[in-house]
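Reviewing the structure listed below.
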Amino acid sequence: MKIGTIGTGFIVDAFLAAVDSTDEAVCTAMYSRKQETAKTLADKYEISTIYTSLDELFEDNEVEVVYVASPNSLHYYHAKQALENGKHVICEKPFTSTVKELDTLIALAKQKNLMLFEAITTIHLPNFQLVKENLHKLGQIKLVQCNYSQLSSRYNALLAGETPNVFNPEFSGGSLVDINIYNLHFVMNLFGTPDQISYTANKHANGIDTSGVLVLNYPDFIAECAGAKDTNSMNFALIQGEKGFIHVENGANGCRRVYLHTGASKVELNSQTTTNNLYYELVAFQDIFKRKDYEQCYQLLDYSHSVLEQVVAARKDAGIKFAADLS
C-alpha cells in the first residue's frame, strides 16, 4: 500500500508513525500548500517527495492510496478529487460534513471500483473487540455512559476572539464531530442505530458547540455520550447490565484498559500492544486492501454512513449549522 498524505497536523504525524510500524505500507509523498510546512514530517519519516499542488499528488503513479487529514470541511472535496483520479482513499473522521456529501463519495468509489475508508480508530481497537466479545456476560443492558473530553489547545484563542478551524462552522468544527463522535462510534458499533437521538450543547456565540451531551434511546436502554473541547475530564465508558458492568478507562478513543465486573469478580481485559491507536485501523485497512475485499470495505462504508446520519441529526437537533449545509 503506497500512500500519499494530505495535511500536516498532529494526526498525520501519528498516522505516519503507524505506517512506519507496519510491513505492508509506505508513505511515498506528502501534500501541503507550503513545502516548509511538510518538511519537518517529511524529514522525520524519510519521505522524499513533497507536493504543493494537489494535481501533482493525484498524477503521481506511485501513490495508490490518499490519506485525507485536511480540515473537516475539506474532507469531501479532497476525497472526491482523489477518487476521481483513481486513488483509493482513507479519510479522517468526521468523514464528511453532510450525508449528501458522503452519498456522493460512496457512489463514486463504487463506480470506479475504489476503496474508501473512514479513519475512525475506536472500532478497530483490539480492546474494543474484547468489549464486544464480553458484552453478553452483562445480561440485559440498562445504561451506557461515555465521556471523552479534551481541552483544546485552541480554546483560549476562541475566547480571545479568534476563530480557529476546530471551532469554526465554516470549517465544520465543534465538539460533536471532533471528539464526541468517538463515543457515538463506540455505542453504535456495539448496539446499532438508536430509535432516537438528541443533542444538548454548550455553544459559543458563533453557534459552534464547545461541549455537549448526546442521548441515544434504544428499545430497552439509554446511552449518554458527553464530549468536550472546553474542559478536561476523567474519560471513561461504562456499560451497565443486570449481571455486571464493563468499565473502559480513558474513554472510547483509546480503550486503554477494560475491566469486566460480574458479581464480586473483576477481570482486566487487554490485548493492545501499542499506544498508537491509528496502527490498528491501518492494519485493518491494509488487510482489506491486500485481499481486495471490496465487500468488507463497503460494509464499513454502510456503517459509517449510518453513524453520519445520526451525527447530522444530532447536530441539527442542537441547531448547529455548517456552511456545507447550504450546498
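The shown structure was predicted, so the numbers you read here are calculated from the model rather than taken from an experiment. Numbers for residues simply follow the sequence, beginning at 1.
- Neither I320 nor V215 shares a network with the other; the hydrophobic side chains, linked directly or stepwise wherever heavy atoms of I, L, V, M, F, W or Y lie under 4.5 Å apart, form separate groups for each.
- Put simply, the side chain of D178 never gets that close to the backbone of G173: no donor and acceptor are under 3.5 Å apart.
- From I181, atom CD1 reaches atom CG of L214 across 10.0 Å, with rounding to the nearest 0.5 Å.
- Between N180 and G227, the shortest heavy-atom distance links the atoms ND2-N, 3.4 Å.
- Cation-pi check for K142 over F221 is not met; the charged atom does not lie both under 6.0 angstrom from the ring centroid and within 45 degrees of its normal.
- Around the CG atom of N232, the shell of radius 6.0 Å holds more than 12 heavy atoms that belong to other residues, nucleotides or ligands.
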(request) Could you walk me through whether K44 and D13 pass the salt bridge (charged side-chain N to carboxylate O under 4.0 Å, His left out) test, one step at a time? (result) CA-CA 9 Å; K44 181 177 180 179; D13 192 351; 3.1 Å; yes
(request) For K2 and E62, run salt bridge (charged side-chain N to carboxylate O under 4.0 Å, His left out): C-alpha distance rounded to whole Å, both residues' side-chain angles, the deciding distance at 0.1 Å, then the answer. (result) CA-CA 7 Å; K2 297 177 181 178; E62 283 293 301; 3.3 Å; yes
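- Using modelled atom types, no side-chain atom of N168 and backbone atom of P164 make a donor-acceptor pair closer than 3.5 Å.
- Shown here is K39, whose NZ atom has no more than 12 heavy atoms of other residues, nucleotides or ligands within 6.0 Å.
- Remark: H247 NE2 to E268 CD distance equals 11.5 Å, nearest 0.5 Å.
- Judged by distance alone, the side chain of H75 and the main-chain N or O of P94 form a donor-acceptor pair under 3.5 Å.
- Here the side chain of T122 pairs a donor or acceptor atom with the backbone of A252 at under 3.5 angstrom.
- The closest side-chain donor-acceptor pair between S149 and N147 falls under 3.5 angstrom.
- Annotation: side-chain hydrogen bond (donor to acceptor under 3.5 Å, both in side chains) contacts of K132 (sequence neighbours excluded): N189.
- For M188 against S306, the heavy-atom pair with the smallest separation is CE-O, 3.7 Å.
- H78 and S70 share a side-chain donor-acceptor pair at under 3.5 Å.
- Residues T210 and L158 form a side-chain contact, since some pair of their non-hydrogen atoms from C-beta on lies under 4.5 Å apart.
- At least one donor-acceptor pair under 3.5 Å links the side chain of N206 to the backbone N or O of F167.
- Considering only heavy atoms from C-beta on, K290 stays 4.5 Å or farther from Q286 through its side chain.
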(request) Start with the C-alpha distance between F236 and C146, add both sets of side-chain angles, then the distance that settles side-chain contact (heavy atoms from CB on, under 4.5 Å), and finish with yes or no. (result) CA-CA 6 Å; F236 64 88; C146 300; over 6 Å; no
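- Under the 4.5 Å side-chain contact rule for hydrophobic residues, F117 and L114 share a cluster.
- The environment of CD in E46 is sparse: at most 12 heavy-atom neighbours from other residues, nucleotides or ligands sit within 6.0 Å.
- D209 places no side-chain N or O within donor-acceptor distance of the main-chain N or O of G212, the cut-off being under 3.5 Å.
- With hydrophobic clusters built from ILVMFWY side chains whose heavy atoms lie under 4.5 angstrom apart, V213 does not share a cluster with L238.
- Although no hydrogens or angles enter the test, the distance criterion places no donor-acceptor pair under 3.5 Å between the side chain of D325 and the main chain of T98.
- No side-chain donor from either of Q310 and T193 sits under 3.5 Å from a side-chain acceptor of the other.
- F245 and L138 get closest at one heavy-atom pair: N-CD2, 3.5 Å.
- When all heavy atoms of L176 and V311 are compared, the pair lying nearest together is CD2-O, 3.7 Å.
- Under the 4.0 Å criterion applied to side-chain N and carboxylate O atoms, K87 and E64 are not assigned as salt-bridge partners.
- Around atom CD of Q140, more than 12 heavy atoms belonging to other residues, nucleotides or ligands sit under 6.0 Å away.
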(request) May I have the step-by-step check of side-chain contact (heavy atoms from CB on, under 4.5 Å) for D287 and V283, ending in yes or no? (result) CA-CA 6 Å; D287 178 61; V283 168; 5.7 Å; no
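- Side chain of T104 to main chain of K100: a donor-acceptor pair is present (N/O by atom type, distance under 3.5 Å, no hydrogens or angles).
- The backbone N or O of S97 sits less than 3.5 Å from a side-chain atom of R315, completing a donor-acceptor pair.
- Side-chain contact between V166 and S152 is present, with heavy atoms from C-beta onward closer than 4.5 Å.
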(request) Show the numbers, then the answer: is there a side-chain contact (heavy atoms from CB on, under 4.5 Å) between L105 and L116? (result) CA-CA 8 Å; L105 294 185; L116 172 64; 3.8 Å; yes
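- Environment of CZ in R33: sparse, with no more than 12 heavy atoms of neighbouring residues, nucleotides or ligands closer than 6.0 Å.
- Residues satisfying the ring pair (Phe, Tyr, Trp, His ring centres under 6.0 Å) criterion with Y199, sequence neighbours excluded, are absent altogether.
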(message) Would L260 and K137 count as a side-chain contact (heavy atoms from CB on, under 4.5 Å) here? Give the steps.
(response) CA-CA 9 Å; L260 171 65; K137 297 177 182 178; 3.8 Å; yes
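- Across every non-hydrogen atom of A119 and I90, the tightest pair is CB-CG2, 3.9 Å.
- The number of heavy-atom neighbours closer than 6.0 Å to OH of Y77, taken from other residues, nucleotides and ligands shown, is 12 or below.
- The pair E101-K80 does not meet the salt-bridge criterion, since no charged nitrogen lies less than 4.0 angstrom from a carboxylate oxygen.
- Judged by distance alone, the side chains of N253 and Y148 do bring a donor and an acceptor atom under 3.5 Å apart.
- Hydrophobic clustering, with ILVMFWY side chains joined whenever heavy atoms are under 4.5 angstrom apart, keeps Y155 apart from F171.
- The closest side-chain donor-acceptor pair between H185 and Y303 falls under 3.5 angstrom.
- In this structure, a donor-acceptor pair under 3.5 Å is present between the side chains of D60 and Y51.
- Side chain to side chain, N270 and N127 meet the donor-acceptor criterion of an N or O pair below 3.5 Å.
- Nearest heavy-atom pair across E118 and K93 is OE2-CB, 3.7 Å.
- Proximity of a side-chain donor or acceptor of K321 to a complementary backbone N or O of L326 within less than 3.5 Å is not detected.
- Contact of the L216 side chain with the I222 side chain is not registered, since no non-hydrogen atoms from C-beta on lie closer than 4.5 Å.
- Between the OH atom in Y31 and the CD1 atom in I6 there is a gap of 7.5 Å [rounded to 0.5 Å].
- Counting only heavy atoms from C-beta outward, the side chains of Y182 and T121 approach each other to under 4.5 Å.
- Between I197 and L184, the closest side-chain pair of non-hydrogen atoms falls below 4.5 Å.
- Counted by atom type alone, N72 and S172 present zero donor-acceptor pairs between their side chains at under 3.5 Å.
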(request) Show your reasoning for whether ring-ring contact (aromatic ring centres under 6.0 Å, His included) applies to Y280 and H124. (result) CA-CA 6 Å; Y280 296 107; H124 301 288; 9.8 Å; no
